[in-house]
A.B. asks: 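Just dropping this structure here.
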Amino acid sequence: MTELTLQVLGAFRVQDAAGAEIRIASRKGRALLAYLALRPGESHSRDRLATLLWEDADEELARTSLRQALAALRKSLPGDAHKALLADTESVGIDPAIVQSDLHAFRRALNAGTRTSLQEAMTHYRGDLLDGFDARSTAFDEWLATERMTLRKQLSNALNKLAELCIANGDSEGALAASTKLVTLEPLNEAAHRMVMEQHAKRNAYAEALRQYRVCRDVLRRELDVSPEPATE
């Protein structure tokens, strides 16, 4: 039974089985829970976690800080959720049967790869991974930046595929929504701008198509100092 639900796409939130929000006061505790929840079922060495979150402390102090953070995190969770944290003397993990997250729902929908599942995936992606999160650790920030880039690439590929599936199925509105979101994600993606223009044109919304062309032209000129490709013109 799911006892904890995490929102990690966009702002970080934790909810109990009834949907009530759980407040975790410790910054490091929130970072630790988020990190573990991204890979439920995996074991992470205590040394790795201590270095990730307390990189400036010596080894013994970092491991002590990790123990304290785990204890504080357990106290913050409802009693039924205490067993979500799997810890022994060498490693820490999280039970996937007890914890679920919007990230895993997003990944499941991507893996299904259908038009319906990809549209569902878009509803889960409310924002970048742990948007606005500050663990006050350079090592954690570097890990987070890499994870965000990977997810944004997955999202980009999914939006491209979704737009193509929508076009193949005659769903102009769906194709427009997917390509518009792709342009927002990748403002320099000229092919995505063209797709938006084409979908507007199919709906006889020529003023909107022209507006999108101008947006494309201006961002290419401002950011890359180039003109649109002949296909866009």
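Along the sequence shown, residues carry numbers from 1.
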A.B. asks: For Tyr35 and Phe140, take the angle between the two ring planes, folded into 0 to 90°, and tell me which bin it lands in: parallel under 30, tilted 30 to 60, perpendicular over 60.
C.D. replies: tilted

A.B. asks: Do Ser91 and Asp88 have a side chain donor and acceptor closer than 3.5 Å?
C.D. replies: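 On atom types as modelled, these side chains qualify, holding a pair under 3.5 Å.
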
A.B. asks: In sequence, state the C-alpha distance, the side-chain angles, and the governing distance for Glu90 and Arg46, and then conclude on salt bridge (charged side-chain N to carboxylate O under 4.0 Å, His left out).
C.D. replies: CA-CA 6 Å; Glu90 296 300 325; Arg46 286 178 177 262; over 6 Å; no

A.B. asks: Linking I/L/V/M/F/W/Y whenever their side-chain heavy atoms sit closer than 4.5 Å, directly or via other members, would Leu49 and Leu86 fall into one cluster?
C.D. replies: no

A.B. asks: Check whether the side chains of Gln15 and Thr5 place a donor and an acceptor atom closer than 3.5 Å, and report yes or no.
C.D. replies: no

A.B. asks: Show the atom names and distances, to 0.1 Å, of all donor-acceptor pairs under 3.5 Å that link a side chain in residues 212-226 to residues at least two apart or in another chain.
C.D. replies:
{"from": "Gln212", "atom 1": "NE2", "to": "His193", "atom 2": "ND1", "distance (Å)": "2.9"}
{"from": "Tyr213", "atom 1": "OH", "to": "Glu233", "atom 2": "OE1", "distance (Å)": "2.9"}
{"from": "Tyr213", "atom 1": "OH", "to": "Glu233", "atom 2": "OE2", "distance (Å)": "3.0"}

A.B. asks: Going from NE2 on His82 to CD1 on Ile98, what distance comes out if it is rounded to the nearest 0.5 angstrom?
C.D. replies: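 Answer for the NE2-CD1 pair, His82 versus Ile98, is 11.5 Å.
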
A.B. asks: Check whether any side-chain heavy atom of Pro40 lies under 4.5 Å from a side-chain heavy atom of Val99, and answer yes or no.
C.D. replies: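 Of all side-chain heavy-atom pairs linking Val99 with Pro40, none is under 4.5 Å.
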
A.B. asks: Decide side chain to side chain contact (heavy atoms under 4.5 Å, CB included) for Thr232 and Met197; before the verdict, give the C-alpha distance in whole Å, the side-chain angles of both, and the deciding distance to 0.1 Å.
C.D. replies: CA-CA 9 Å; Thr232 305; Met197 292 163 59; 4.2 Å; yes

A.B. asks: Salt bridge (charged side-chain N to carboxylate O under 4.0 Å, His left out): which pairs involve residues 145-157, sequence neighbours left out?
C.D. replies: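 Found Arg39-Glu147, Asp128-Arg152.
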
A.B. asks: Take Leu6 and Gln100 through the test side chain to side chain contact (heavy atoms under 4.5 Å, CB included) and record every step on the way to the result.
C.D. replies: CA-CA 6 Å; Leu6 271 64; Gln100 67 177 7; over 6 Å; no

A.B. asks: Of the non-hydrogen atoms in Lys28 and Ala135, which two are nearest, and what is the gap between them?
C.D. replies: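 Reported closest heavy-atom pair: NZ-O, 2.9 Å.
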
A.B. asks: Check whether the side chains of Ser156 and Glu186 place a donor and an acceptor atom closer than 3.5 Å, and report yes or no.
C.D. replies: yes

A.B. asks: Have Arg48 and Thr51 got a donor and an acceptor in their side chains that come within less than 3.5 Å?
C.D. replies: no

A.B. asks: I'd like to know if the side chain of Lys202 and the backbone of Ser172 have a donor-acceptor N/O pair within less than 3.5 Å.
C.D. replies: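 Not confirmed, Lys202 side chain does not pair with Ser172 backbone.
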
A.B. asks: Test Arg211 against Glu208 for salt bridge (charged side-chain N to carboxylate O under 4.0 Å, His left out), laying out the working first.
C.D. replies: CA-CA 5 Å; Arg211 185 194 67 80; Glu208 288 299 311; 3.4 Å; yes

A.B. asks: Please evaluate residues Leu110 and Leu155 with respect to the criterion side chain to side chain contact (heavy atoms under 4.5 Å, CB included), reporting the C-alpha separation (whole Å), side-chain torsions for both, the decisive distance (0.1 Å), and the verdict.
C.D. replies: CA-CA 9 Å; Leu110 289 191; Leu155 177 62; over 6 Å; no

A.B. asks: Do any N or O atoms from the side chain of Thr180 and from the backbone of Ala177 form a donor-acceptor pair under 3.5 angstrom?
C.D. replies: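 No; judged by distance alone, with no hydrogens or angles, the pair does not exist.
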
